[in-house]
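Quick caveat, the model's predicted, so the values are computed rather than measured. Start at 1 with the first residue, then count along the sequence. Both counts, for ligands and for their atoms, begin at 1 and track the order of listing.
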Amino acid sequence: MESRHLTHMRQAVKLAKYALDHNETPVACIFVYEPTDEIIAYGMNDTNKSHTGIAHAEFMGIDQIQEKFGAENLVEIFKDTVLYVTVEPCIMCASALKQLGIKRVYFGCGNERFGGNGTVLTINKDHSTISLNENKTYDAIPGIYRKEAIMLLRYFYVRENDHAPKPKVKKERILDKETFPPIIWSSYIDRSLFGQEFGLENLVHFDENTDLAGISNHGIDWKLIDDSCDDIVDTLEITRQKAQINIHKRIKSTK
Ligand SMILES: [Zn+2]
């Protein structure tokens with residue numbers, strides 16, 4: 001797998017950890033403009049603060065792009081933009097991304113209840129939702145920092161219990177750090193795309209529904225999800241503003 005996928009997904013995981021530390025659901029994403037490999041937007045779940053069920057990470061990023069480039073340029077930007085998100089986009093977000101004509105999605109773990117990129121529905125490949133970009137479908141590649149994404153959700157789940165109005169005397173929710181469900185690659189991509197993305201030498205993982213080896217030495221990068229990263233939002237903000245200005249110039253000059 002190309003190392004830039006790991007680099008970008010690490011940023012998304014750090015942002016999800018930031019969300020967790022600020023009492024939000026630990027789901028986060030970054031949008032990368034592929035021709036320049038720059039982060040042009042980022043997002044994290046904001047449903048608690050905004051009190052709306054649709055304030056998903058993806059929408060925060062889409063808003064940032066729309067604000068900078070205007071609605072009329074969204075298709076132009078999105079056709080070259082790749083999304084990295086810690087949890088598979090839900091059906092609603094998967095559909096929005098399709099309408100905008102996103103180039104490709106990479107995600108960590110599947111979204112068991114609402115996943116729209118293969119777990120529940122496969123919106124990215126269907127033909128009933130429209131795309132502004134010539135009805136284009138997109139590939140959604142799972143499994144990058146999957147265990148880390150699952151662990152952040154488990155941290156949230158256990159912690160949420162601590163905040164309950166009446167804490168249960170007996171702790172029913174125990175943090176599981178050992179067991180992970182298999183990853184059913186074929187729900188998301190076929191064998192040949194897997195080979196292209198992750199290398200033919202890794203096809204055994206596709207066949208055996210196991211996680212990719214070598215993302216971290218011990219199976220899970222604990223440091224990535226346990227260290228606090230309170231500077232991540234400032235870092236991403238500076239990065240995306242710089243990138244947006246560059247790309248804005250680039251697009252204007254090609255018109
Ligand atoms: Zn969503």
Side-chain angles (χ1 to χ4, degrees), residues 8-9 11-20 22-32 39-67 71 74-75 77-78 81-126 128-133 136-146 148-157 160 181 183 187-189 232-233 236 240:
H8 291 318
M9 191 62 92
Q11 298 294 82
V13 172
K14 283 183 188 174
L15 190 58
K17 162 68 173 168
Y18 177 93
L20 175 76
H22 293 80
N23 296 317
E24 280 290 354
T25 315
V27 179
C29 64
I30 64 163
F31 290 82
V32 173
I39 296 174
I40 53 165
Y42 62 87
M44 58 187 153
N45 202 288
D46 191 32
T47 48
N48 289 348
K49 266 190 251 93
S50 67
H51 301 289
T52 149
I54 64 161
H56 287 182
E58 293 90 334
F59 280 94
M60 180 173 164
I62 292 168
D63 279 352
Q64 288 178 354
I65 296 173
Q66 176 151 356
E67 227 172 79
L74 283 183
V75 171
I77 300 287
F78 272 88
T81 295
V82 174
L83 174 71
Y84 295 84
V85 58
T86 56
V87 179
E88 176 189 359
C90 72
I91 289 162
M92 173 183 70
C93 291
S95 178
L97 293 165
K98 182 144 184 284
Q99 289 175 52
L100 291 165
I102 193 133
K103 185 172 185 189
R104 185 167 282 185
V105 169
Y106 291 90
F107 64 89
C109 66
N111 183 336
E112 294 303 325
R113 284 161 70 195
F114 307 112
N117 281 169
T119 302
V120 179
L121 293 177
T122 312
I123 301 287
N124 51 314
K125 293 288 178 191
D126 79 8
S128 58
T129 51
I130 53 153
S131 163
L132 298 173
N133 192 7
K136 177 174 128 345
T137 60
Y138 63 88
D139 289 317
I141 320 279
I144 303 177
Y145 287 112
R146 183 181 82 117
E148 287 78 357
I150 292 174
M151 281 314 304
L152 286 175
L153 293 173
R154 286 181 183 169
Y155 285 165
F156 183 73
Y157 188 64
E160 211 178 18
I183 174 167
S187 302
Y188 309 102
I189 53 177
I232 186 72
V233 172
L236 286 172
R240 74 116 172 159

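Counting only distances under 2.8 Å, and ignoring water, the protein N, O or S atoms around the Zn ion (ligand 1) are His56 ND1, Cys90 SG, Cys93 SG.
Tyr188 and Thr122 are not linked by any side-chain donor-acceptor pair at a separation below 3.5 angstrom, with hydrogens and angles left out of the test.
Within the 4.5 Å cutoff, no side-chain heavy atoms of Arg154 are placed close to those of Pro26. Side-chain contact check for Phe59 versus Met92: some heavy-atom pair is nearer than 4.5 Å. Asp126 has its side chain out of reach of Leu121: every pair of non-hydrogen atoms, C-beta onward, lies at least 4.5 Å apart.
The only option from Asn117, Thr119, Asn111 that meets the side-chain hydrogen bond (donor to acceptor under 3.5 Å, both in side chains) definition with Glu88 turns out to be Thr119.
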Discussion item. Please determine whether side-chain contact (heavy atoms from CB on, under 4.5 Å) holds for the pair Leu83 and Arg104, giving the CA-CA distance in whole Å, both sets of side-chain angles, and the decisive distance to 0.1 Å.
Written reply: CA-CA 6 Å; Leu83 174 71; Arg104 185 167 282 185; over 6 Å; no
